[in-house]
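In what follows, a single structure is set out as structure tokens and then discussed.
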Amino acid sequence: MLVAERIIVPLDVPTAADAIALIDQLDEVRFFKVGLELFVSTGPQILSILKDRQKRIFLDLKFHDIPNTVAGACRAAAGYGVDLITIHATAGKNALQAAKAALEAGAEAKRQKPPKLIAITLLTSLNARDLAFDLKIPLELPEYALQMALLAQESGLDGAVCSPQEAQQLRQVCGEEFVLVCPGVRPEWADKGDQKRSLTPASALKAGADYLVIGRPITAATDPAAAFNRICEELA
Ligand SMILES: O=C(O)c1cc(=O)[nH]c(=O)n1[C@@H]1O[C@H](COP(=O)(O)O)[C@@H](O)[C@H]1O
């Protein structure tokens, strides 16, 4: 896979018009992410816009609910024909298994290829202090992220979302087939913002990430296409 195809650009903007402006500026980007802000604002029409332009789609709605509810959401989302869908690993094994089964059944009913279902391990905006003192989780952060990835794998999921700082360990333990998507990626020249466990794009790929989610360093740049190209050149 070309390096440019391994970068997923999140469309974290409030309206369809803002998203279309970004998509048009970023002609060379093949893979876009539609997350909570844009999906809540526009609904599925944004997915049709991306599909009409032959883009790959990461539908990042981060489901987190009881098994029956996540299964219903996955069955509905399976009809969109997207490539990746997210659920929080902390929804638990029954919910993860129900979500995976519903995604496959929903895709089959619509004669679509099932999206890959990947689990959030621990949000990249949290650090070891947040984990210990706020979430009261008595595990070291890398161990916790690994346990969440293993829970996802044991539940039949296709992969995990993790910080690039944990990618190497997850790759070693979960194997080559397990899809690792890493947000919290920052070129040396970009602001970290609210990301607390970041690495550079080159380090993230070296650690074993399959895909990098890189947002504001590209989307908030004065020239988003130039920022995307700069990252690709730095990786080449
Ligand atoms: O699921 C995600 O994509 C995600 C998980 C996570 O742990 N951290 C995280 O930042 N993300 C998403 O990745 C994107 C990161 O954007 P930037 O911080 O602008 O690069 C946002 O759209 C987040 O919603």
Side-chain angles (χ1 to χ4, degrees), residues 6-14 18-19 22-23 26 29 31-42 46 50 56-64 70 73 77 82-91 96 99 115-128 130-131 134-135 137 141-142 144-146 148-149 152 157-167 170 179-201 203-205 207 209-222 224 227-228 230-231 234-235:
R6 297 173 68 178
I7 299 175
I8 302 176
V9 176
L11 296 166
D12 291 330
V13 289
D18 293 321
L22 258 181
I23 299 162
L26 291 168
V29 174
F31 212 150
F32 285 98
K33 179 167 90 84
V34 174
L36 287 168
E37 180 181 8
L38 188 59
F39 197 79
V40 170
S41 152
T42 68
I46 186 64
L50 285 164
R56 299 186 75 200
I57 304 171
F58 174 9
L59 181 59
D60 176 31
L61 300 181
K62 295 192 178 63
F63 296 139
H64 196 186
V70 292
V82 301
D83 298 276
L84 295 174
I85 290 195
T86 43
I87 182 168
H88 279 280
T90 47
L96 296 174
K116 288 195 191 307
L117 183 62
I118 57 175
I120 310 295
T121 51
L122 180 70
L123 291 170
T124 56
S125 52
L126 300 172
N127 61 18
D130 301 323
L131 188 72
D134 297 342
L135 303 185
I137 303 225
L141 191 152
Y144 178 75
L146 176 63
M148 291 302 102
L157 268 62
D158 303 288
V161 179
C162 64
S163 117
Q165 296 185 8
E166 292 101 52
L170 266 56
V179 178
L180 291 181
V181 176
C182 291
V185 175
R186 288 289 182 269
E188 307 258 353
W189 41 267
D191 273 353
K192 292 218 169 33
D194 50 3
Q195 297 290 357
K196 292 192 185 162
R197 307 199 319 279
S198 63
L199 286 183
T200 63
S203 309
L205 286 183
D210 292 299
Y211 295 101
L212 311 178
V213 179
I214 311 180
R216 287 163 289 180
I218 297 169
T219 56
T222 330
F228 176 76
R230 182 173 175 188
I231 293 170
E234 287 173 0
L235 285 171

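Atoms within a ligand are numbered from 1 in the order they appear, just like the ligands themselves. Excluded from the calculations below are hydrogen atoms, water molecules and symmetry mates; all remaining heavy atoms, backbone and side chain alike, are included.
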Ligand-residue contact atoms, ligand 1 with V213, heavy atoms, under 4.0 Å: 13 (O), 14 (C)
Atom 10 (O) of ligand 1: nearest protein contact (heavy atom, Å): Q195 NE2, 2.9 Å
Protein heavy atom at shortest distance from atom 17 (P) of ligand 1: R186 NH2, 3.4 Å
Closest protein heavy atom (residue, atom, distance) for atom 12 (C) of ligand 1: K33 NZ, 3.6 Å
N or O contact, T124 vs ligand 1, cut-off under 3.5 Å: yes
Polar atom proximity, D194 to ligand 1 (N or O, under 3.5 Å): no
Side chain to side chain contact (heavy atoms under 4.5 Å, CB included) partner of D134, chosen from I137, L131, D130: D130
Residue L123 vicinity, atoms of ligand 1 by number, heavy atom under 4.0 Å: 6 (C), 7 (O)
Sub-4.0 Å atoms of ligand 1 with respect to non-hydrogen atoms of I120: 1 (O)
Aromatic ring pairing Y211/F31, orientation class (parallel under 30°, perpendicular over 60°, tilted between): perpendicular
Shortest protein heavy-atom distance from atom 21 (C) of ligand 1, along with the residue and atom involved: D12 OD2, 3.3 Å
Option among R197, Q165, Q195, K196 that satisfies the side chain to side chain donor-acceptor pair (under 3.5 Å) test with T124: Q195
Heavy-atom nearest neighbour in the protein, as seen from atom 1 (O) of ligand 1, with distance rounded to 0.1 Å: K62 NZ, 2.9 Å
D194/R216 ion pair, N-O < 4.0 Å: yes
The single option from T121, L122, L123 passing side chain to side chain contact (heavy atoms under 4.5 Å, CB included) against H88: L123
K116 NZ: over 12 foreign heavy atoms closer than 6.0 Å: no
Per atom 16 (O) of ligand 1, closest listed option by heavy atom (P183, G215, C162, A145): G215
Ligand-side contact atoms (ligand 1) for residue partner R216, heavy atom cut-off under 4.0 Å: 17 (P), 18 (O), 19 (O), 20 (O)
